[in-house]
Each structure stands twice: as structure tokens, then as C-alpha cells.
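Letters A, B, ... are given to chains in the order of the sequence lines, protein chains preceding strands, and every chain is numbered from 1. These numbers come from the heavy atoms of this one structure, side chains and all, not from hydrogens, waters or symmetry mates.
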There are 2 protein chains.
Amino acid sequence: MKTFSMNQLERYPAYLKYFKELRDQGVEYVSSPRIGAKLGYSEEQVRKDLQCVSVSAGRPKRGRSVEQLIEDLETFLGYRDVSGAIVIGVGHLGGALMNFPSFNEMGLEILAGFDVSPSLIGQKIGGKEVYDYKRLHDLMPKLNAHIAIICVPASIAQSVVDSAVCCGAKGIWNFAPTHLDVPEGVVVETVDLASSLAVLSHRMNEANAKKR
Amino acid sequence: MKTFSMNQLERYPAYLKYFKELRDQGVEYVSSPRIGAKLGYSEEQVRKDLQCVSVSAGRPKRGRSVEQLIEDLETFLGYRDVSGAIVIGVGHLGGALMNFPSFNEMGLEILAGFDVSPSLIGQKIGGKEVYDYKRLHDLMPKLNAHIAIICVPASIAQSVVDSAVCCGAKGIWNFAPTHLDVPEGVVVETVDLASSLAVLSHRMNEANAKKR
DNA sequence: GAATTTTCGGTAATGGTTTACCGATACATG
DNA sequence: CATGTATCGGTAAACCATTACCGAAAATTC
């Protein structure tokens, strides 16, 4: 197995999803050009991406085994070892994530939510209990959760993260629009809607300018 | 103004957010090293990033004018011209986006939602009406919405996007976990949670492996 | 007002990612 | 069984992004 870049890593889930579709359709083999056409990548890029994660080689004129690719990618992405996570901040977004059905397929299990709002504490959202945020120190270690999903306002996100790290969080999935500092050994991944929107707007302007 | 990359574009919203915080604190000037320390970038990168969007030069020993930076970035990011958008699929996620308060600050105005569920049609979510999806062709042009925010299941996302494009959508903000094909002149930006999670998991594994 | 410090802008070097190309190989076809 | 074609893996080139460096300039200090 070769080395791979962050960009490649970001593409792998899309490959896996497509391969599962193919499997459901009964397709046994798939070629790089076909994959590229479907997902919007060049065939060279597809080949290079898959070479990094695939144990077996592709066969000329046929392509690669769909079943094998799925196995390789699931193993590579860690979808077969489940990590426990908690959601901190069960507002609209936090609640939506707790209701998200497909995290389980990705090796992520949301175990519980935490919030300060009395109207939420004790409720079940997406089948998981919402606990009082005060009980984080007590419950997070017991739940054996290593990922904290941060859905609180930006203004308090840093202090919430500090608490989560203190309770044993090794990964922070940050949905608050702010940069977070964490100690060595803890990882932060931020989902930044503002960035995504900036890219969309910019490309829309570009497309519009080109037209004229 | 120089050329800039997509990566830089993604960083600009974070800069802007920080500069607004500084303004609220009454800070008038800010230097690149200070910005970098706060946001986790190198000072060289900050300088290069800001040189691309800033009209005025920074001053040695002082830095750049916070007020000027905010103006430059807001103009550059298009936060001063508002685009109308609609949400298609008012489930947990779509509803959360309709309730999101800060899109207005980013030049995005959500005008309405569309869904097929009778229990949602006619409701108000985040102060905006939810209409029957059947009325998309009728209403989308009247609303003058150019962005469609896709929050439907992946299986129907492509057909929904085709309809939205047909109704005049020039930009697609895609929250469905699937690749979408659109005609020339239309832009798609996908928010891919699976990718983000893959990066988080991978970096957690790396951090964990390093520790030993 | 001279010396020191901080930050600046610009350019060069580095590192990383994507694209392009090429000979080899397995399958399909006649 | 020979020929043609689609796809493969690998390597080289091109492209883009980040990092490092340096002389200059504005503010501060003495």
C-alpha cells in the first residue's frame, strides 16, 4: 500500500458509496474510466487513488472487482471498527446529526447528546438520550466515547472542547464556526459551512462572468 | 489584486470572522503573526492570503487596519450582495439550515423551503414558509432564488437538482451524499460529512499510532 | 536622533498533487 | 489463433500551494 494525501482521503468515501451502489445492482467489475465519469474525476486520478488502497491489481479490459474494492475501502477507512461519539449541543444541527441514520455505516456510533436546556434533558433524540451537560465529566468516560461532536455556539465552543478533552476526547468534530485549540494528541476536524458557501458563491460569480 | 487559490478562498471566512471579533473589542490594527497564532496558520500564509484581497498595504510594526480588512473581505466574498436561496427537503438537516441565523451575514437569504410531506407543507420553519415540492416550477422563479440547497436523500438528489436547474438555479449547495451532474454554467458545491469524518478518523489513528 | 524591534512585501525554494504519457497485458472479435 | 482494443501500472512532467528567506520600512526605545 502506497502513501496517500488528504485530498485522496476525502475522495474515498465517494468511491465507496458508488461501489456499494454497483454491488446492489449486481455489477462485479468496474473500470477506472467508468468510475471517473460517474464521480467527475479523471481516469488517471481514479487509478492512482485506488492503487493506494487496493490490495489486488486491476485487470486490463475488465477493471477491478467491486466486492474487493468495497472490502479494501471499508477496511482502509476504518468503517469496520466502530468509534463512540457524543453530541454536545442538541440544537437544530446537533439534533439533526443525532438523527442521521448513516453514521453507523461509517463506523461512527452516536451514544448520547449533552445540552444545558431543561426542555431537552431527558428527551430521546434519534433514539439516544440527551443528558445534562453538567454530567459530562461523569458520563463521557463511562460511555467510552472518544469523539465529541461540537454543535454549540462559537462563543462557548472552546470551553466546551476543553471540557471534552479533559473527559478523554481524542477527536473533535467541530460544527461551530470557529478555530479550536487542542492539546497535542487530540485531533480537530472542522465542518465549515461559511467556507463551503464562499466557494459556491465565488464559482457562481466566475460562471456568470464567463457567460458574458 | 492578485490571484488566489480555492484553499485560500476557504480560509477567508475564518479571517473575516476573527476580524469582526477584533472590531467588537475595539482593536484597530492587527498583525499577520497575531492572526496566524489565533487561527493556526503561519504568518507567511496569512500575509500571502491577505495580500490577495486587501486593497491597502499593511504597515510595519502595526499591521493592517481591521476595519479595512473587514470591508475588503466582505466585498471580496460577496457578503454585501445578497443571493436568494431555497431549501429542498425540509428534514432534520434542511430544517436546521432554515433555522440557521448567520447565513444573512454571509449574503445568503433563505427564502422558502420545499418538501413533499403533508405535515410540513404550510408550516413555517425559521420564519420561512414550506411549500409543496410540486409548486417548485411555479414558485422558484417568482421567489427569484438562484441557489438551491439540496437536503433530500441521495437516491432522489439528482432528479431534484435537474428540476431546480430547470427552474433557474445557478448554484447547488448539496448536502446529499452523492455526486451531482449539472449542465455547463451551473455550479455544485457539496458538503460531504463522510469525507470530513474520514479525515478525522484517519488523523485520530495517526495520532494514536504516534503516541506508542 | 540613533539603535532596536516588529512587521512588511517580494522572491526563491520546497513540497505536494494532478495530469499526461507509455509500454504491457488481458479480454473480445473474427 | 491472430488482431484489435480497453484498461492496466508506472514514470515523468506540469501545475499549484506552502514555506523560507531577505532587505526595507515604520514604530518604539533609549
Side-chain angles (χ1 to χ4, degrees), chain A residues 1-15 18-19 22 27-69 72 179 192 195 198-199 202-203 206, chain B residues 1-15 18-19 22 27-69 72 179 192 195 198-199 202-203 206:
Chain A
M1 200 180 294
K2 307 183 181 183
T3 57
F4 58 93
S5 71
M6 260 334 121
N7 293 13
Q8 290 179 295
L9 186 52
E10 290 186 2
R11 286 191 290 268
Y12 289 131
Y15 287 115
Y18 176 48
F19 298 151
L22 289 175
V27 177
E28 283 186 45
Y29 286 88
V30 63
S31 71
S32 300
R34 187 169 164 193
I35 298 166
K38 172 73 181 182
L39 299 180
Y41 310 142
S42 74
E43 65 176 87
E44 288 90 348
Q45 187 165 62
V46 172
R47 229 171 259 133
K48 243 194 153 217
D49 285 350
L50 297 184
Q51 277 173 21
C52 292
V53 294
S54 184
V55 179
S56 64
R59 287 154 72 180
K61 194 85 179 179
R62 260 199 159 174
R64 291 181 158 78
S65 156
V66 171
E67 197 58 52
Q68 184 67 53
L69 281 169
D72 290 345
H179 173 80
D192 189 341
S195 292
V199 172
H202 170 73
R203 292 209 305 230
E206 248 185 354
Chain B
M1 201 179 291
K2 309 185 179 182
T3 58
F4 58 93
S5 70
M6 256 340 117
N7 292 14
Q8 289 178 294
L9 186 52
E10 291 186 0
R11 286 192 290 267
Y12 290 131
Y15 286 115
Y18 176 47
F19 298 151
L22 289 176
V27 177
E28 283 185 46
Y29 288 87
V30 64
S31 71
S32 299
R34 189 170 162 190
I35 298 165
K38 172 72 182 182
L39 299 179
Y41 309 142
S42 73
E43 64 178 276
E44 288 90 349
Q45 188 165 62
V46 172
R47 231 171 259 134
K48 245 198 150 209
D49 286 349
L50 297 183
Q51 276 172 23
C52 293
V53 292
S54 185
V55 179
S56 64
R59 287 154 71 180
K61 193 84 179 178
R62 257 199 162 174
R64 291 179 157 80
S65 155
V66 171
E67 198 60 50
Q68 183 67 53
L69 282 169
D72 291 345
H179 174 79
D192 189 342
S195 292
V199 172
H202 171 73
R203 291 210 305 231
E206 247 185 355

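Considering only residues two or more places apart in sequence or on other chains, B:Glu67 meets the side chain to side chain contact (heavy atoms under 4.5 Å, CB included) condition with B:Arg23, B:Ser65.
In this structure, the CD atom of A:Gln51 is 14 Å from the C1' atom of C:dT18, given to the nearest Å. Rounding to whole angstrom units, CG of residue A:Leu50 and P of D:dC8 are separated by 9 Å. Atom pair A:Lys48:NZ and C:dG16:C1' shows a separation of 9 Å (rounding to whole Å applied). For B:Gln8 and D:dA17, the CD to P distance is 7 Å, given to the nearest whole Å. Put simply, CZ on A:Phe4 is 17 Å from C1' on C:dG15, counting in whole angstrom units. Atom CG of B:Leu69 and atom C1' of C:dC8 are 14 Å apart (whole Å). We find that CZ of A:Arg11 is positioned 12 Å from C1' of C:dT19, with the value rounded to whole Å. Computed from coordinates, the B:Glu43 CD to C:dG10 C1' distance equals 14 Å when rounded to whole Å.
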Show your reasoning for whether side chain to side chain contact (heavy atoms under 4.5 Å, CB included) applies to A:Phe19 and A:Val30. CA-CA 9 Å; A:Phe19 298 151; A:Val30 63; 4.1 Å; yes

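When all heavy atoms are compared, the tightest approach of B:Arg34 to B:Leu22 is NH2-CD2, 3.9 Å.
Stacking of A:Arg64 on the aromatic ring of A:Tyr29 is not recorded, the 6.0 Å distance cut-off and the 45° axial limit not both being met.
For B:Ser5, a side-chain nitrogen or oxygen approaches OP1 or OP2 of D:dA17 to under 4.0 Å. For the OP1/OP2 pair of D:dC16 and a distance below 4.0 Å, the side-chain nitrogens and oxygens of B:Asn7 include no atom meeting the criterion.
Considering only heavy atoms from C-beta on, B:Tyr12 stays 4.5 Å or farther from A:Ser195 through its side chain.
A distance-only check finds no donor-acceptor pair linking the side chain of B:Glu10 to the backbone of B:Asn7 [under 3.5 Å].
DNA chain D lies under 4.0 Å from at least one heavy atom of each of the following residues of residues 31-42 of chain B: B:Ser42. Interface residues of residues 59-68 of chain A facing DNA chain D, ordered by number: A:Arg59, A:Pro60, A:Lys61, A:Gly63, A:Arg64; criterion, heavy-atom separation under 4.0 Å.
Across the interface with DNA chain C, nearest-nucleotide mapping of A:Met6 and A:Arg47 shows A:Met6 to be the residue nearer the 5′ end.
Salt bridge status for A:Glu43 with A:Arg47: present, with a side-chain N to carboxylate O gap under 4.0 Å.
Within the nucleic acid shown, A:Glu44 comes within 4.0 Å of at least one base atom, counting heavy atoms only.
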